Amino acid sequence: MTAPEGGPLLRVEELHAAYGPVAALRGLDLTVGQGELVCLIGANGAGKTSTLRAISGLLPAARGRILFDGRPIHAAEPAEILEAGIAHCPEGRRVFPYLTVQENLEMGAYVRRDRHAVAEDLERVCTHFPILAERRRQMAGTLSGGEQQMLAIARALMARPRLILFDEPSLGLAPTLVETTFEIIADIRRRGTTVLMVEQNAYGALRMADRGYVMETGRIVLAGPARALLDDDHVRRAYLGG
Amino acid sequence: MEQLLQHLVNGLVLGGTYALLGIGLTLIFGLMNVVNFAHGEFYTLGAYAAFAALALGGVDFVVAVLAAIGAGALLGALCERVLLRPLRAESIDTTMLVMIGVWIAMQNGELLVWGGVAKSIPHPFPTAPLVLGPVSIAPLRVFVLVLAAGLIAASYLLIHRTKLGRAMRATFQDRDTAALMGVRISRIHTATFAFGSALAAAAGALLGPVFLAYPSMGDLAALKAFCVVILGGLGNLPGATLGGLLLGIAEELGAGYVSSGYRDAVGFVIIILVLLLRPSGLFAREERIG
């Protein structure tokens with residue numbers, strides 16, 4: 001069963017989730033359309049990371065539904081969700097420090113069975129990120145922060161996802177690298193992959209996004225076209241520094 | 001000097017099997033955070049499996065070792081699937097108690113099936129030692145050393161050259177991110193426990209014919225495996241390998257130059273020293289698997 005033409009690729013409905021007794025998501029609703037770049041902004045602890053973790057199956061949903069391409073995925077395992085086409089590039093990059101760059105990339109393609117296409121993608125990714133090609137046999141833990149971010153993005157691409165979740169891709173990077181990272185993400189979207197991104201750099205994120213959601217205490221409090229959010233008084237005061 | 005060479009060779013034979021025991025335990029400990037008190041029982045299982053295959057089945061020695069490996073892997077997988085998987089969210093103390101239970105149950109099971117009398121495991125090798133210059137060594141021991149080295153090499157290949165091994169290392173380094181890559185963590189746990197248990201069983205099948213098989217033989221083996229893990233550092237494969245060889249050689253030297261009564265004490269003296277001076281292990285780089 002696929003979604004009707006033009007229907008959202010991802011739909012989150014009334015989602016509740018908790019870490020033990022601590023509620024993280026309290027009735028979250030959001031949609032991401034095919035080909036869109038959507039960003040999720042909000043203060044620390046608002047539930048942005050929890051939202052992504054719930055979508056990719058790391059945080060079990062207590063109530064509510066998550067539909068990907070019309071199919072419910074809120075009860076699925078992370079591996080099944082990845083196989084369905086959602087890759088998650090986690091906060092803090094989280095490359096495997098004692099695997100080589102190449103092994104990290106191979107881990108990105110772990111669920112794929114098409115070995116020849118994986119080998120091709122590996123070459124393609126290395127052409128696209130020459131720095132990774134150079135460091136192919138090096139342990140990922142020896143890379144700089146920026147290089148690790150490239151690796152984390154490349155690793156997510158190795159799954160050939162239809163939707164990529166980015167969690168704070170600019171966190172801890174030098175300003176020029178933030179720019180590069182955003183350009184890479186915009187480029188990924190241009191090539192046809194849908195993106196849902198969580199960012200504390202609200203200005204940078206909204207500038208490149210189609211639509212934005214503002215989260216507070218586990219739910220969406222504001223939604224709209226990214227341009228409109230950039231001009232919104234509340235958003236300006238709370239997230240854009242006036 | 002001539003005596004020293006002889007001790008070193010004997011130490012290597014012993015150490016190779018200690019390394020197998022240690023690699024199995026360190027993988028289970030490092031990846032699953034389970035203190036496997038039943039590890040020695042898989043060693044015993046391996047010895048009895050080899051005994052059954054050789055004395056009752058009349059098969060080749062290599063086939064007997066393979067049978068022991070199969071038995072260890074099978075029972076290990078079963079043990080993980082039935083006892084440990086439901087307890088994955090529980091604390092390390094809980095699983096440790098469960099493994100103590102498995103230890104007691106398996107040891108008494110062995111007593112029930114095989115009786116308390118020690119069994120000599122028949123092997124096809126001539127008893128006349130090979131003499132190479134100053135060193136004389138029984139053909140059986142040569143075979144044990146070669147097979148242990150082969151199994152250690154196979155373990156390295158599995159961990160470093162296969163997709164399963166890569167997933168095991170990734171899981172050890174970052175469990176959540178490995179899950180995001182599509183690694184089914186439960187399956188990695190089952191595979192790890194089966195693999196570790198198979199190595200322990202292999203060690204039992206190899207050393208069983210050198211000594212004797214009896215139900216409580218695994219107790220000392222388990223303690224030595226823990227020594228090797230402490231020596232080598234948590235989840236550290238080269239550390240467990242070197243730690244095993246080191247322990248074997250130290251025991252031989254202790255037995256040869258101090259008193260054979262102190263053979264088993266040597267290892268524990270070393271452990272106390274390591275824990276006092278280098279508690280993260282002799283070869284620890286960081287916590288690691290691989």
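Keep in mind that the numbers below use all heavy atoms, side chains included, and drop hydrogens, waters and symmetry copies. Here the structure is a predicted model, which is why all the values come from computation and not from measurement.
In plain terms, the two heavy atoms of A:Ala79 and B:Gly182 that are nearest each other are CB-O, 3.4 Å. Summarising the geometry of B:Ala179 relative to A:Pro78, their closest heavy-atom pair is O-CB, 3.4 Å, with the distance given to 0.1 Å. Between B:Asp174 and A:Phe96, the shortest heavy-atom contact is O-CE2, 3.7 Å. Smallest separation of non-hydrogen atoms from A:Tyr110 and B:Ile188: OH-CD1, 4.5 Å.
Open room surrounds CZ on A:Arg11; 12 or fewer heavy atoms of other groups in view lie less than 6.0 Å from it. Atom CZ of A:Arg136 sits in a crowded spot, with more than 12 heavy atoms from other residues, nucleotides or ligands closer than 6.0 Å. Within 6.0 Å of atom CZ in B:Arg184, more than 12 heavy atoms from other residues, nucleotides or ligands are found, so the atom counts as buried in its surroundings.
Note on A:Pro97, A:Ala159, A:Ser56, A:Gly108: by heavy-atom pairs under 4.5 Å with chain B, the leading option is A:Pro97.
For A:Arg112, the part sitting under 4.5 Å from any heavy atom of chain B is the backbone (N, CA, C, O) and nothing else. Proximity to chain B involves both the backbone and the side chain of A:Glu80, based on heavy atoms less than 4.5 angstrom apart.
If you take CZ on A:Arg53 and CG on B:Asp176, they are separated by 4.5 Å, rounding to the nearest 0.5 Å. Considering CG of B:Leu180 and CD1 of A:Ile86, their distance stands at 11.5 Å, rounded to 0.5 Å. Considering CG of A:Leu58 and CZ of B:Arg175, their distance stands at 12.0 Å, rounded to 0.5 Å.
With a 4.5 Å cut-off on side-chain heavy atoms, A:Met107 and B:Val183 count as touching. Taking 4.5 Å as the limit, every side-chain heavy atom of A:Glu103 sits out of range of all side-chain heavy atoms of B:His160.
Each of A:Met158, A:His88, A:Arg155 was compared with B:Met181 under the side-chain contact (heavy atoms from CB on, under 4.5 Å) criterion, and only A:Arg155 meets it.
Taking the charged nitrogens against the carboxylate oxygens, B:Arg169 and A:Glu106 have no contact shorter than 4.0 Å, which rules out a salt bridge.
Panel note: side chain B:Gln173, backbone A:Tyr98; a donor-acceptor pair is recorded below 3.5 Å.
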